[in-house]
Amino acid sequence: MKLKRAFYTKDVLTVASELLGKVLVKNERGKMFSGRIVELEAYDGRTDKAAHTYGGKTKRNEVMFNEGGYLYVYLSYGVHYCCNVVTGTEGTGTAILIRAVEPLEGVERMIMNRFGKKKLSEKEMYHLTSGPGKVCKAFGITKGHSGVDLTGDKIYLMDSVLKKDEKIAVSKRIGITKSAHLPWRYFIKNNPYLSRK
DNA sequence: CCACGGATTGGCT
DNA sequence: GCCAATCCGTGGA
């Protein structure tokens with residue numbers, strides 16, 4: 001089942017806690033890419049100085065002010081794209097950064113997008129999508145996908161539940177200096193595809 | 001107008 | 001462990 005609008009329009013921390021284990025899917029003219037979300041971070045422009053929306057609406061962040069269920073993509077350090085799931089009601093300015101997934105479909109295409117070859121060692125496979133920039137590179141997600149409606153059929157999320165032995169853990173967010181104390185990074189404990197342990 | 005810094009990554013010391 | 005790559009929004013002159 002594809003996740004519907006109502007899943008996304010809830011409060012950002014509620015959606016964040018429900019988003020782990022869901023499957024990110026990209027259908028690129030029939031070429032499928034998919035992966036289970038194993039790590040994410042919440043950003044809330046109303047209170048959180050690290051959020052892109054903290055200073056109000058700009059051309060870059062306007063998608064993040066949409067109602068929930070849209071994709072917000074930005075360029076990090078001028079080098080890497082990172083993708084976010086917009087949450088909440090219109091005008092809220094909240095989103096969830098997808099930091100790592102466990103690859104499912106389209107693995108060979110992901111390896112090609114990331115490394116320009118077809119095979120990786122077993123060890124290298126754990127680094128295929130273990131970071132926000134890596135996920136976008138592997139899936140072929142760029143700035144042109146910012147604003148895509150996640151209730152459409154190009155990029156969307158499928159419902160799925162955590163495995164019986166999987167537990168959610170929470171920590172501080174990675175790589176930020178402002179509002180760094182907030183415990184808004186959620187991840188599946190001991191999952192081998194995390195960006196960090 | 002210019003300087004600065006950032007939700008990252010991979011390669012080199 | 002350290003650092004360059006490289007775009008763009010923000011803030012100060």
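By convention in this document, chain letters (A, B, ...) are assigned in the order of the sequence lines, proteins followed by strands, and residues within each chain are numbered from 1. In this text, all values refer to a predicted model and were calculated from it rather than measured experimentally. Side chains included, hydrogens not; waters and symmetry mates left out as well; all remaining heavy atoms used.
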My validator wants the stems of DNA chain B: runs of 3 or more consecutive Watson-Crick or G-U pairs, both distances under 3.5 Å, written as range with range.
B:1-6 with C:7-12, B:8-12 with C:1-5
Just wondering, more than 12 heavy atoms not from A/D165 lying within 6.0 Å of its CG?
yes
A/N61 (side chain) donor-acceptor with A/G56 (main chain) under 3.5 angstrom:
yes
Measure from NZ or CZ of A/K2 to the centre of the six-membered ring of A/Y156, then state whether that distance is under 6.0 Å and the direction lies within 45° of the axis.
yes
If you define the side chain from C-beta out and look only at heavy atoms, does anything of A/T92 sit under 4.5 Å from A/T87?
no
The contact string for nucleotides 8-13 of chain C, one letter per nucleotide 5' to 3', using protein heavy atoms under 4.0 Å with B, S and - for base, sugar-phosphate only and none, comes out as -SS---
Rounded to the nearest Å, what distance is computed from the OH atom of residue A/Y81 to the C1' atom of nucleotide C/dC7?
9 Å
Donor-acceptor contact present, side-chain A/S146 to main-chain A/V73, <3.5 Å:
yes
For A/E124, is there any backbone N or O sitting under 3.5 Å from a side-chain donor or acceptor partner on A/H127?
no
Qualifying residue, where the test is side-chain contact (heavy atoms from CB on, under 4.5 Å) with A/R36 and the options are A/T129, A/L24, A/L20, A/L162
A/L162
Which nucleotides of nucleotides 8-13 of chain B have their base under 4.0 Å from a protein heavy atom (B), which only their sugar-phosphate (S), and which neither (-), written as one string 5' to 3'?
BSS---
Between A/T53 and A/M64, what is the shortest heavy-atom contact and its length?
OG1-CE, 3.4 Å
In terms of ring plane angle, is the pair A/Y193 and A/Y126 parallel, tilted or perpendicular, where the classes change at 30° and 60°?
tilted
Give me the distance, rounded to whole Å, that separates B/dA7 from C/dG1 when you measure between the C1' atoms they each carry.
22 Å
For A/E39, is there any backbone N or O sitting under 3.5 Å from a side-chain donor or acceptor partner on A/R99?
no
